[in-house]
Amino acid sequence: MINLETPRKFRAFVNQAHQVAAEMLRPNSRRYDLAEHEYPIELDMLAAMVDGLGASGNGSGAGASGVRRAAAAEAGVVNGSNLSSVLSIMEMCWGDVGLLLSMPRQGLGNSAIASVASDEQLRRFDGLWAAMAITEPECGSDSASIRTTARLDGDAYVLNGEKIFVTAGDRADAVVVWATLDKTLGRAAIKSFVVLKDTPGLTVERLEHKLGIRASDTATIRLENCRVPTENLLGSAEINTEMGFAGVMQTFDNTRPLVAAMAVGCARAALELTRDLLSEAGIEIDYDRPLHHQPAAAATYQTLEADWEAAYLLTLQAAWLADNGHPNSLQASIAKAKAGRTANTITLTCVELTSSLGYSEHHLLEKWSRDTKILDIFEGTQQIQQLIVARRLLGKTSAELK
């Protein structure tokens with residue numbers, strides 16, 4: 001296997017993230033899985049610590065809010081906030097994915113702001129906890145079919161529509177809402193807006209009951225004549241039909257590696273526990289013998305490990321490219337597709353390998369198998385990622401390859 005060392009400047013921070021996962025997230029994992037919609041109060045102290053690390057510069061891009069694409073001129077940047085974020089998220093999700101998604105000021109909306117906001121907006125939205133609202137009742141994986149509208153009216157945009165499956169939509173301070181300025185212009189007219197939760201016209205309709213990541217709230221949000229200041233539009237207000245959907249989609253280039261990192265971290269937790277349980281059952285993993293000369297469980301385990309290694313390296317590659325100002329849409333989608341599907345396969349197979357121990361609540365394996373399902377779905381499903389990869393590799397447009 002390939003073994004890439006963690007960059008020296010990140011080691012202390014990554015070790016701290018692992019310690020937090022081991023001492024705070026993992027011990028509370030089962031509690032908040034059973035108490036769905038109960039706010040994990042332990043996270044307030046943790047979020048304050050992450051904020052402190054980020055402000056001091058020791059966090060090197062702590063959590064989701066730390067990601068920001070390096071400018072092309074910054075040729076000296078090698079290992080930056082994107083790589084730091086995926087490494088720390090892997091450790092945190094080794095502890096618990098749902099609790100990581102519940103951390104104040106570390107929402108996917110924060111990643112969107114960090115990725116594309118102006119310097120003035122970054123200062124203004126500093127300290128804000130932002131969720132991200134893309135999916136609609138009649139618009140799932142095809143983000144280009146968004147029907148929520150944004151109409152310019154004086155010094156504000158008036159938003160109308162409904163968003164579903166909004167992670168941290170109830171607890172967050174604001175929501176990054178994707179809406180179209182003109183339905184007739186298709187993808188090019190879709191923009192993202194930072195909408196504060198206390199804005200008149202924004203209401204949280206309900207919270208979902210879910211298979212996994214139950215510690216994290218998932219909301220349905222309605223927007224009715226919701227006036228959002230023009231300065232809360234992320235990116236340019238100009239509708240560029242030549243650039244098309246690419247402008248708003250740049251957000252995904254930074255957030256998809258983060259979701260891939262969540263999957264990698266949770267899958268690693270399952271592999272480590274499964275190895276311990278197999279060892280207790282007298283099945284040892286021997287890397288010096290061919291797979292066909294080992295017990296079936298050991299051979300299966302090593303196959304899972306190899307798949308995990310591929311997902312891990314692809315995730316690092318996508319983050320590193322973003323840090324160095326290189327286009328990474330292809331690599332971000334490859335990493336997300338590989339990590340999401342691999343985490344599903346690993347956690348479910350680990351449940352099978354450990355039999356009744358894996359299926360019961362005696363260990364967290366069954367929970368991890370539930371948690372990883374969403375990681376193959378949100379931020380673009382497996383099928384959407386494969387479609388994006390195919391378009392990139394074949395040089396096809398979205399109209400040519402659907």
Side-chain angles (χ1 to χ4, degrees), residues 21 25-26 29-30 32-37 64 86 89-90 92-102 107-108 131-132 134-135 140-143 164-169 207-220 252 255-274 300 304 307-308 310-312 314-315 332-354 357-361 363-388:
L25 302 187
R26 183 76 68 87
S29 186
R30 181 66 71 186
Y32 288 107
D33 181 58
L34 296 174
E36 187 174 16
H37 299 156
V86 299
I89 285 172
M90 286 175 191
M92 300 288 271
C93 290
W94 175 91
D96 190 86
V97 177
L99 290 173
L100 182 277
L101 288 168
S102 300
L108 290 172
M132 189 142 74
I134 301 175
T135 306
S141 295
D142 184 8
S143 302
I164 60 175
F165 303 139
V166 181
T167 302
L207 297 179
E208 304 294 344
H209 294 280
K210 309 186 297 295
L211 172 73
I213 59 166
R214 291 162 59 88
S216 169
D217 67 302
T218 302
T220 291
F252 283 139
T255 58
R256 281 173 175 158
L258 301 183
V259 177
M262 295 176 196
V264 169
C266 189
R268 194 186 93 208
L271 285 170
E272 290 178 0
L273 177 55
T274 298
T300 298
L304 296 178
D307 251 1
W308 178 89
Y312 170 72
L314 288 167
T315 302
S333 285
I334 290 175
K336 166 63 169 64
K338 177 62 177 177
R341 181 55 53 87
T342 296
N344 281 185
T345 300
I346 286 175
T347 52
L348 283 171
T349 306
C350 285
V351 168
E352 294 175 5
L353 290 176
T354 54
L357 286 177
Y359 196 70
S360 72
E361 292 187 355
H363 292 289
L364 290 169
L365 279 172
E366 60 81 27
K367 178 184 180 300
W368 294 332
S369 71
R370 291 186 284 112
D371 287 347
T372 56
K373 186 58 186 174
I374 191 60
L375 302 179
D376 196 32
I377 298 174
F378 70 6
E379 290 291 289
T381 65
Q382 179 72 206
Q383 293 78 9
I384 286 295
Q385 304 306 331
Q386 291 180 1
L387 191 56
I388 292 170

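- Residues Phe165 and Thr218 share a closest heavy-atom pair of CA-CG2, 3.5 Å.
- Taking the side chain as every heavy atom from C-beta outward, Lys373 and Asn344 approach each other to under 4.5 Å.
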| field | Verdict with reasoning, Val86 to Leu258, per side chain to side chain contact (heavy atoms under 4.5 Å, CB included) | value | CA-CA 6 Å; Val86 299; Leu258 301 183; 4.0 Å; yes
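- Arg370 places a side-chain N or O within 3.5 Å of a backbone atom of Leu211 that can act as its donor or acceptor partner.
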| task | I would like to know whether His37 and His209 meet side chain to side chain contact (heavy atoms under 4.5 Å, CB included); could you show each step before the answer? | result | CA-CA 9 Å; His37 299 156; His209 294 280; 3.6 Å; yes
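- Here the closest non-hydrogen pair linking Thr342 and Lys338 is OG1-O, 2.6 Å.
- Shortest non-hydrogen contact noted between Ala335 and Ala260 is O-CB, 3.7 Å.
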| request: Please lay out, stage by stage, how Thr300 and Glu352 fare under the test side chain to side chain contact (heavy atoms under 4.5 Å, CB included). | output: CA-CA 11 Å; Thr300 298; Glu352 294 175 5; over 6 Å; no
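- Expressed to the nearest 0.5 Å, how far CE of Met90 lies from CZ of Arg268 amounts to 9.0 Å.
- With contacts defined as side-chain heavy-atom distances shorter than 4.5 Å, the pair Leu365/Leu357 does not qualify.
- At least one donor-acceptor pair under 3.5 Å links the side chain of Lys210 to the backbone N or O of Ser216.
- No donor-acceptor pair under 3.5 Å is formed between the side chain of Thr255 and the backbone N or O of Leu108.
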| said: Please determine whether side chain to side chain contact (heavy atoms under 4.5 Å, CB included) holds for the pair Glu272 and Trp94, giving the CA-CA distance in whole Å, both sets of side-chain angles, and the decisive distance to 0.1 Å. | reply: CA-CA 10 Å; Glu272 290 178 0; Trp94 175 91; 2.8 Å; yes
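- Between Ile374 and Ile377, some side-chain heavy-atom pair lies under the 4.5 Å cut-off.
- The only option from Thr347, Thr349, Leu348 that meets the side chain to side chain contact (heavy atoms under 4.5 Å, CB included) definition with Thr345 turns out to be Thr349.
- Taking each heavy atom of Ala270 and Cys350 in turn, the nearest pair found is O-SG, 3.8 Å.
- One N or O on the side chain of Gln385 and one on the backbone of Gly380 form a donor-acceptor pair closer than 3.5 Å.
- With Ser29 contributing its side chain and Leu25 its backbone, the two residues share no donor-acceptor pair below 3.5 Å.
- Ala343 approaches Thr372 most closely through the heavy-atom pair O-OG1, 3.8 Å.
- The CG atom of Leu271 sits 4.5 Å away from atom CD1 of Ile346, with the distance rounded to the nearest 0.5 Å.
- Shown are Arg26, Lys367, Arg30; of these, the salt bridge (Lys or Arg N to Asp or Glu O under 4.0 Å) with Asp96 is made only by Lys367.
- The distance from atom CG of Asp33 to atom CG of Leu364, rounded to the nearest 0.5 Å, is 8.5 Å.
- Side chain of Trp308 to main chain of Val264: a donor-acceptor pair is present (N/O by atom type, distance under 3.5 Å, no hydrogens or angles).
- Heavy-atom minimum distance, Ala215 versus Gly98: CB-C, 3.9 Å.
- Inter-residue side-chain proximity for Phe252 and Ile388 is flagged as unmet; no heavy-atom pair is nearer than 4.5 Å.
- Rounded to the nearest 0.5 angstrom, Leu375 CG and Gln382 CD are separated by 12.0 Å.
- Of the charged side-chain nitrogens involved, none lies within less than 4.0 Å of a carboxylate oxygen, so that Asp371 and Arg214 do not count as a salt-bridged pair.
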